[in-house]
Participant: 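Attaching a single structure in structure tokens format; questions to follow.
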Amino acid sequence: MFHTRTEQMKALLRQWQLQSMVIPGILWMFIFCYVPMLWLIIAFMDFSIAKPMLESPFVGLKHFQDFVTDDRFWRSIRNTLGMSTIKLVLGFPIPIFFALLLNEIRSLQLKRTVQTISYLPHFIAWTIFGGIALNWLGEGGVINQLMLALGLQDREILFNSDPKYFWWITFFTDTLKETGWSAIIYIAAIAGIDPGLYEAAELDGANRWQRMWHITVQSIRPTIAILFILAVSGILGSNFEQIFMLKNNMNMKMAESLDLYIYNMGLVSGRHSFSTAVLFARSIVALGLLLLANQTSKKLTGDSIF
């Protein structure tokens, strides 16, 4: 534990080879995350791609007023909040449960096999995984055949053509693809727990479920809190690649998320200033949600990002 800034600097200099490894990451973040923020100024201009940015006329909050009065914008907000809320309430705990159950597997070989299989779908691009999902959901697909065999439906259903199923399709496909990968950080946190705590609890007569709840869950609580705060701050975001692959003209009224709305306004319709204004406003709201979630978590649990 370093108690003075001088000690911290000495330790930094001693580890300069190790510390220098972060430089490429810092440069990448600066170039691709901070430099593009200069172009946020076009949210206050009537920007045209045919002339230099600074020659575009300044229009103030015109584009902000336009999207606030656009019914399609509010529909995209509804869809985004609907899909994000389902993923947050139902999807956020799933990787935690998976990590806890995986930790209870005593066979190291079986544990590694299950973990490897579970996170492999993460490395499949949505262009491929989305196509697989559409095939499963189509007429004659696995889902229809399974539902018919179980007697849960009496005819084949075009799930992805019915808007009422879309939010649940995004939830189940995202869960199937990302659960194993999302659980890695919890598995890493669990690996850092002192085994002596489990031994002491076992000597005191605690059963497996009691050890899981009172030791494992409590030990990874700070990790859960931080990831939950980040999840809340991203509630106005969505998995653009997933939605882009699964959307179609028949389910668009429930599929157009805020990210897809920004894409359609900016790249498809060419309203660059308008879409930048929407993105700017969303970023401000996301920052507010981050601060609110962080403060709430600090008061309720004592765990927070800052």
Side-chain angles (χ1 to χ4, degrees), residues 2 5 8-45 47 49 52-54 80 84 87 92 95 115-116 119-130 174 177-189 191-192 222-245 257-268 272-273 275-291 293-294 304-306:
F2 303 114
R5 189 174 296 274
Q8 292 176 349
M9 289 304 298
K10 288 180 179 178
L12 183 65
L13 292 174
R14 285 196 303 269
Q15 302 171 357
W16 69 269
Q17 298 98 330
L18 182 63
Q19 299 295 339
S20 64
M21 294 176 67
V22 305
I23 293 176
I26 293 174
L27 290 175
W28 179 90
M29 182 174 293
F30 178 76
I31 294 171
F32 293 101
C33 296
Y34 287 93
V35 172
M37 290 177 68
L38 297 173
W39 273 259
L40 286 174
I41 193 173
I42 70 173
F44 306 95
M45 298 176 170
F47 174 73
I49 199 170
M53 180 178 68
L54 296 180
T80 303
S84 296
K87 290 181 180 179
F92 183 80
Q115 187 177 355
T116 301
Y119 69 63
L120 279 178
H122 170 80
F123 298 100
I124 302 175
W126 270 109
T127 50
I128 298 173
F129 195 86
D174 184 75
K177 188 174 187 295
E178 301 295 340
T179 294
W181 182 258
S182 300
I184 288 177
I185 192 167
Y186 298 113
I187 294 170
T223 303
I224 295 173
I226 291 171
L227 292 179
F228 184 76
I229 291 169
L230 294 175
V232 170
S233 68
I235 200 169
L236 285 180
S238 59
N239 191 334
F240 174 80
E241 293 88 354
Q242 176 193 25
I243 294 172
F244 190 80
M245 283 301 302
S257 65
L258 192 55
D259 284 339
L260 191 59
Y261 175 78
I262 293 170
Y263 168 82
N264 287 331
M265 292 294 108
L267 294 182
V268 178
H272 303 98
S273 293
S275 61
T276 303
V278 178
L279 183 61
F280 194 3
R282 189 191 73 172
S283 300
I284 297 298
V285 173
L287 176 61
L289 290 172
L290 174 65
L291 297 174
N294 186 76
S304 62
I305 298 177
F306 49 84

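All residue numbers refer to positions in the sequence shown, counting from 1. The structure displayed is predicted, hence computed values, not measured ones.
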Participant: Is the shortest side-chain heavy-atom distance between M265 and V278 below 4.5 Å?
Facilitator: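 No, every pair of side-chain atoms sits at 4.5 Å or beyond.
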
Participant: Give me each pair satisfying side chain to side chain donor-acceptor pair (under 3.5 Å) with a member in residues 275-287, each pair once, sequence neighbours excluded.
Facilitator: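 Listed once each, the pairs are D259-R282.
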
Participant: Among all residues two or more places apart in sequence or in another chain, which pass the side-chain contact (heavy atoms from CB on, under 4.5 Å) test with S20?
Facilitator: I23

Participant: A286: what forms a side-chain contact (heavy atoms from CB on, under 4.5 Å) with it, not counting sequence neighbours?
Facilitator: none

Participant: Closest heavy-atom contact between I124 and K177?
Facilitator: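 The answer is O-CE, 2.8 Å.
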
Participant: Report the residues that fulfil salt bridge (charged side-chain N to carboxylate O under 4.0 Å, His left out) with D174, sequence neighbours left out, ordered by chain and then residue number.
Facilitator: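 Salt bridge (charged side-chain N to carboxylate O under 4.0 Å, His left out) list for D174, sorted by chain: empty.
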
Participant: Could you give the distance from CD1 (I226) to CG (N294), rounded to the nearest 0.5 Å?
Facilitator: 9.0 Å

Participant: List the residues meeting side-chain contact (heavy atoms from CB on, under 4.5 Å) with T80, not counting sequence neighbours, and say none if there are none.
Facilitator: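 With sequence neighbours excluded, T80 shows a side-chain contact (heavy atoms from CB on, under 4.5 Å) to S84, S257, L258, given in chain and number order.
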
Participant: Could you list the residues that satisfy side-chain contact (heavy atoms from CB on, under 4.5 Å) with L120, not counting sequence neighbours?
Facilitator: T116

Participant: Go through the structure and list residues passing ring-ring contact (aromatic ring centres under 6.0 Å, His included) with F44, not counting sequence neighbours.
Facilitator: F64, F280

Participant: Atom CD1 in I185, atom CD1 in I224: separation rounded to 0.5 Å?
Facilitator: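 Taking CD1 in I185 and CD1 in I224, the distance rounds to 11.0 Å.
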
Participant: Check whether T223 reaches the backbone of Y186 with its side chain - one donor and one acceptor, N or O, closer than 3.5 Å.
Facilitator: no

Participant: Which heavy atom of T127 sits nearest a heavy atom of M245, and at what distance?
Facilitator: O-CE, 3.6 Å

Participant: Once you round to the nearest 0.5 Å, how far does CZ of F47 lie from CG of L54?
Facilitator: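 So the CZ of F47 and the CG of L54 are separated by 10.0 Å.
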
Participant: Working to the nearest 0.5 Å, report the span between OG of S273 and CD1 of I41.
Facilitator: 10.5 Å

Participant: Taking all non-hydrogen atoms of both residues, which atom of S233 and which atom of L289 are closest, and how far apart?
Facilitator: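 Heavy atoms only, the tightest pair is CA-CB, 4.0 Å.
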
Participant: Identify each donor-acceptor pair in which a side-chain atom of residues 28-35 lies under 3.5 Å from a protein atom, sequence neighbours left out, and give them as a table.
Facilitator:
none

Participant: In this structure, are over 12 heavy atoms from other groups packed under 6.0 Å from I49 atom CD1?
Facilitator: no

Participant: What pairs with W181 under ring-ring contact (aromatic ring centres under 6.0 Å, His included), at least two apart in sequence or on another chain?
Facilitator: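 By the ring-ring contact (aromatic ring centres under 6.0 Å, His included) rule, W181 matches H122, F123.
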
Participant: Should F92 and L227 count as side-chain neighbours, where that means a heavy-atom distance under 4.5 Å?
Facilitator: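 A side-chain contact under 4.5 Å exists here.
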
Participant: Please round to the nearest 0.5 Å and tell me the distance separating atom CD of E178 and atom CZ of F129.
Facilitator: 8.5 Å

Participant: Looking at residues at least two apart in the chain, or sitting in another chain, which of them share a side chain to side chain donor-acceptor pair (under 3.5 Å) with Y263?
Facilitator: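 Expected list: none.
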
Participant: Under the rule for side chain to side chain donor-acceptor pair (under 3.5 Å), what residues qualify as partners of E241, not counting sequence neighbours?
Facilitator: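 Result, side chain to side chain donor-acceptor pair (under 3.5 Å) vs E241: none returned.
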
Participant: Please say whether more than 12 non-hydrogen atoms of neighbouring residues, nucleotides or ligands are located less than 6.0 Å from CG in L279.
Facilitator: yes

